[in-house]
Amino acid sequence: MAGVTVGDVVGVLDAAYPPRLAESWDSVGLVCGAEHEPVGRVLFAVDATAAVVDEAIAWGAQVLVAHHPLLLRGVDSVAASTPKGALVHRLIRNGCALFTAHTNADSADPGVSDALAHAVGLTVTGPLESKSAAPVDEWTVQVPRAHTEAVLAALFEAGAGGGDRYRECASRTASIGQFRPLPGANPAAGAPGELETVEQDTVTVVSPPSKRAAVLAALRTAHPYEDPAFHVTERAALPSGLGLGRIGHLAHPETLRAFTARVRAGLPGTTWGVRAAGDPDRPIHTVAVCGGAGDSFLTTVTRLGVDAYLTADLRHHPADEHLRAGGPALIDAAHWATEFPWCAQAAQFVRKALPGLETRVSTIRTDPWTLGAADC
């Protein structure tokens with residue numbers, strides 16, 4: 001698609017999976033590559049392994065989008081002599097950017113667990129662990145009409161008037177303002193002791209609380225009055241569809257044995273396979289899912305009273321204690337398999353926003369387990 005750049009792809013993915021949703025320890029976004037470079041092909045994968053990088057280069061992709069960060073903990077070198085550094089060098093030399101959407105994609109709506117739920121035929125009703133929508137400031141400012149554009153421009157430059165998908169948002173209402181300067185004042189209009197009326201706009205913009213100092217400074221600098229009239233209110237953090245994991249239900253109840261077979265059919269095959277814990281004949285209707293490692297939510301799913309919990313990387317002792325306590329049945333799949341459906345979701349976002357781009361989901365199995373007893 002002519003004119004599409006790496007920056008355009010990054011913009012689409014950041015809108016779908018806002019970086020602010022990432023956990024504090026995570027590393028998401030553009031890892032290497034230049035935003036001004038043109039893009040014709042984008043490859044999607046769970047992991048940026050050597051085999052996946054080979055595929056991206058051989059196919060001629062200009063962007064590789066991965067779920068798992070290549071560079072996360074304790075990285076202080078990307079020398080070509082290191083395994084991860086070698087991949088970064090190969091990508092750069094071959095003109096392929098690397099972008100990561102990790103825990104921000106986990107908490108987005110839709111996100112990783114929505115794709116997992118869809119793959120196994122669940123209707124999603126909400127997140128397993130909610131992430132509230134961030135609080136936001138609402139600024140209301142009285143501005144002489146001749147200065148409205150300049151004040152708005154300053155507020156936008158300071159970070160007000162935008163969200164994840166929109167910028168320079170504001171409302172303005174025409175009004176008549178009045179004031180009487182007192183002795184010692186230095187008014188931009190009128191004179192001390194006299195009542196002054198002016199045509200003005202009541203301007204309203206929103207801004208993150210973190211930008212409060214910058215927005216206030218911009219307002220005072222751009223506003224013509226020595227004492228601008230304004231007020232700020234903060235909207236509380238609100239419930240949202242954002243958060244880790246998902247809760248859903250099947251159209252019709254089925255046994256744990258049948259649901260386990262459903263999961264196996266809906267996810268890509270791995271050496272790990274799909275295993276379940278619980279009464280094979282237990283009826284399953286409501287199901288919690290969490291793409292990737294999810295044993296931290298065992299207490300949560302028990303409290304919520306779902307019939308089954310589908311996730312990955314379940315450990316022996318937590319699973320055993322969970323079942324002894326009467327918790328939901330457990331379905332444990334390979335980590336890679338539970339996150340693989342997200343790749344198609346992310347590719348769809350890019351295709352819809354940037355029609356004409358070629359996208360491909362890598363089918364290379366990057367699950368690290370390559371041999372099982374059944375294969376021997």
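At a threshold of 4.0 Å, the pair Arg315-Glu321 does not count as salt-bridged, since none of the basic side-chain nitrogens sits closer than that to a carboxylate oxygen.
Between the side chain of Thr125 and the main chain of Ile247, a donor-acceptor pair closer than 3.5 Å is present. Under a 3.5 Å cut-off, the side chain of Thr100 and the backbone N or O of Val28 do not form any donor-acceptor pair. Counting only distance, with no hydrogens or angles, the side chain of His285 and the backbone of Leu250 share a donor-acceptor pair below 3.5 Å. With hydrogens and angles disregarded, no donor-acceptor distance shorter than 3.5 Å links the side chain of Asp320 to the backbone of His316. Lys84 places no side-chain N or O within donor-acceptor distance of the main-chain N or O of Leu71, the cut-off being under 3.5 Å. The closest donor-acceptor contact from the side chain of Thr82 to the backbone of Val78 lies at 3.5 Å or more, if one exists at all. Proximity of a side-chain donor or acceptor of Thr338 to a complementary backbone N or O of His335 within less than 3.5 Å is detected. Using modelled atom types, no side-chain atom of Glu358 and backbone atom of Gly356 make a donor-acceptor pair closer than 3.5 Å.
Atom CG of Leu244 sits about 5.5 Å away from atom CD of Glu23, to the nearest 0.5 Å. Distance check, rounded to the nearest 0.5 Å: CG of Asp106 to SG of Cys290 gives 7.0 Å. Distance check, rounded to the nearest 0.5 Å: CG of Asp307 to OG1 of Thr255 gives 12.0 Å. Within the model, atoms CD of Glu138 and NE2 of His231 stand 6.5 Å from one another, a figure rounded to the nearest 0.5 Å.
In the hydrophobic clustering of ILVMFWY residues, with side-chain heavy atoms under 4.5 Å counting as a link, Tyr225 and Leu155 come out apart. Val306 and Phe259 are members of different hydrophobic clusters when ILVMFWY side chains are connected at heavy-atom separations under 4.5 Å. Linking ILVMFWY residues whenever their side-chain heavy atoms come closer than 4.5 Å, directly or via other members, places Val287 and Leu116 in the same cluster.
If you check the side chains of Thr366 and Trp336, you find a donor sitting under 3.5 Å from an acceptor. With no hydrogens or angles considered, no side-chain donor-acceptor pair links His118 and Gln345 at under 3.5 Å. With no hydrogens or angles considered, a side-chain donor-acceptor pair links Thr103 and Asp26 at under 3.5 Å.
Within the 4.5 Å cutoff, side-chain heavy atoms of Leu219 are placed close to those of Trp139. Within the 4.5 Å cutoff, the side chain of Glu254 has heavy atoms near those of the Arg262 side chain. Proximity of Phe230 to Arg220: side-chain heavy atoms (C-beta onward) are separated by under 4.5 Å at one or more points.
Taking the ring pair (Phe, Tyr, Trp, His ring centres under 6.0 Å) definition, one finds that Trp342 meets it with Tyr17, His67, sequence neighbours left out.
Here the closest heavy-atom approach between residue Ala333 and residue Val274 is recorded as CB-CG2, 4.2 Å.
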